[in-house]
Amino acid sequence: MDEVVDRARSLLGRVLHGHGVAVRITEVEAYGGVLDPASHAFTRTPRSEIMYGPPWRLYVYRSYGIHHCANVVTGPTETASAVLVRAGEVVEGRELAHERRGDVAGVQLARGPGNLAQALGLTLTDLGTDLLSDSGVRLGPPPDAVPPISSGPRVGVSKAADVPWRFWVTGDPTVSAYRRSPRA
DNA sequence: TAGGCGATGACCT
DNA sequence: GGTCATCGCCTAC
């Protein structure tokens, strides 16, 4: 299970490219797959099947009928562990991101999982994309310097919200202080 | 096959 | 701080 956490932390500072917009990841949440009751993959269903596959694939799901959220499957195969990308800083394609997100402050372009997916133009059609190949959505190499990292409880989940599996770049303005789920 | 329910965000008070 | 939009997926008939 520690491996899940390590992979999540290692995503911070990396750049996620999506359809003309690139985002430096500043906030993530780890999900432990078959061992984690809060994970979509806790029960194996057609929707979560993608997470049981090889790592570095994209898992996108729709929430509340409106928002898309982007996850990176961190593998290994059959463990179904994944990392939810919660926030980032737009470092490329700023204009396009504004077009998609509307007239909002720069730091808010990709703040929150739904907003981040929208800024990158991610939809269900991107489900299963290989993030290491040179496709429309891909993940950049690890940063030269590892940023300072803080951790805390996960947001919005109704189960196992007390495990400190949310990680963010300390002091980064694109990370907001999210309130805990009222249902937790 | 029908009903219930979010790994959210925006807007209202 | 509280409410609500809105739809695909999961679970239970």
Side-chain angles (χ1 to χ4, degrees), chain A residues 1 4-5 7-9 11-12 16 18 21 23 25-53 55 57-75 79-90 97-129 131 137 150-169 173-184:
Chain A
M1 201 66 94
V4 180
V5 171
R7 300 255 187 141
R9 294 168 65 103
L11 282 178
L12 290 172
L16 184 62
V21 174
V23 155
I25 299 171
T26 57
E27 184 183 3
V28 295
E29 254 173 38
Y31 286 88
V34 291
L35 300 176
D36 182 1
S39 171
H40 286 171
F42 186 60
T43 52
R44 189 167 185 159
T45 66
R47 175 173 67 151
S48 61
E49 189 64 30
I50 177 72
M51 289 192 274
Y52 285 80
R57 297 279 190 78
L58 189 66
Y59 167 54
V60 181
Y61 68 92
R62 189 184 276 279
S63 182
Y64 292 84
I66 317 168
H67 312 284
H68 293 283
C69 298
N71 297 247
V72 177
V73 178
T74 51
T79 62
S81 47
V83 174
L84 169 67
V85 184
R86 292 194 56 88
E89 174 195 3
V90 175
H98 268 291
E99 234 170 78
R100 290 174 177 148
R101 291 273 300 119
D103 188 21
V104 298
V107 294
Q108 298 196 63
L109 278 174
R111 183 162 70 180
N115 291 336
L116 179 134
Q118 189 184 12
L120 291 175
L122 298 177
T123 65
L124 293 179
T125 61
D126 297 302
L127 184 63
T129 302
L131 292 172
V137 187
S150 303
S151 66
R154 293 184 287 188
V155 177
V157 298
S158 51
K159 300 170 211 164
D162 51 328
V163 289
W165 278 4
R166 181 165 69 100
F167 304 99
W168 65 92
V169 177
T174 60
V175 179
S176 71
Y178 279 88
R179 63 181 178 281
R180 192 180 175 137
S181 167
R183 294 175 290 281

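Just so we're on the same page: letters track the sequence lines, and every chain starts at 1.
Atom pair A/L84:CG and B/dG9:P shows a separation of 9 Å (rounding to whole Å applied). One interatomic measurement links the two molecules: CZ of A/R111 to P of B/dT8, which rounds to 15 Å at whole-angstrom precision. Summarising the geometry, the separation between CG on A/D103 and P on B/dC11 is reported as 12 Å, rounded to the nearest angstrom. Look at CZ on A/R62: it is 15 Å from P on C/dC10, rounded to the nearest Å. Summarising the geometry, the separation between NE2 on A/H68 and C1' on C/dA5 is reported as 15 Å, rounded to the nearest angstrom. Here the C1' atom of nucleotide B/dA10 and the CD atom of A/Q108 are 11 Å apart, to the nearest Å. Taking atom CZ of residue A/R166 and atom P of nucleotide B/dT8, one finds them 11 Å apart after rounding to whole Å. Distance A/R154 CZ to B/dG6 P: 15 Å, rounded to the nearest Å.
Contact annotation for A/R101: backbone-only contact, meaning every heavy-atom pair under 4.0 Å involves sugar-phosphate atoms and none involves a base.
Under 4.0 angstrom from either OP1 or OP2 of B/dA7 there lies no side-chain N or O belonging to A/S63. Between A/R47 and the phosphate of C/dC10, there is a side-chain N or O to OP1/OP2 separation shorter than 4.0 Å.
Out of B/dG9, B/dA7, C/dT11, the shortest distance to the side chain of A/Y31 is found at B/dA7. Taking only side-chain atoms of A/R86, from C-beta outward, the nucleotide of C/dC7, B/dT8, C/dC10 with the closest atom is B/dT8. Looking at the side chain of A/H67, the nearest of the listed nucleotides B/dG9, C/dC9, B/dA7 is B/dG9.
Judged by distance alone, the side chain of A/T26 and the main-chain N or O of A/V169 form no donor-acceptor pair under 3.5 Å. Panel note: side chain A/Q118, backbone A/H67; no donor-acceptor pair is recorded below 3.5 Å.
Toward the 5' end of DNA chain C, the nearer of the two residues A/L124 and A/I66, judged by each one's closest nucleotide, is A/I66.
The closest side-chain donor-acceptor pair between A/T45 and A/T43, if any, does not fall under 3.5 angstrom.
The shortest side-chain heavy-atom distance between A/Y59 and A/H40 falls under the 4.5 Å cut-off.
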Requested in this report: Any chance you could lay out the side chain to side chain contact (heavy atoms under 4.5 Å, CB included) test for A/N115 and A/R101, step after step, and finish with the verdict?
Outcome: CA-CA 7 Å; A/N115 291 336; A/R101 291 273 300 119; 3.3 Å; yes
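In this pair, A/Y64 does not lay its aromatic ring on the base of B/dG9; centres under 5.5 Å and planes under 30 degrees do not both hold. Under the stacking criterion of a centre-to-centre distance below 5.5 angstrom and an interplanar angle below 30°, A/Y61 is not stacked against the six-membered ring of B/dA7.
When both distances must be under 3.5 Å, the Watson-Crick or G-U wobble mate of B/dA10 is C/dT3.
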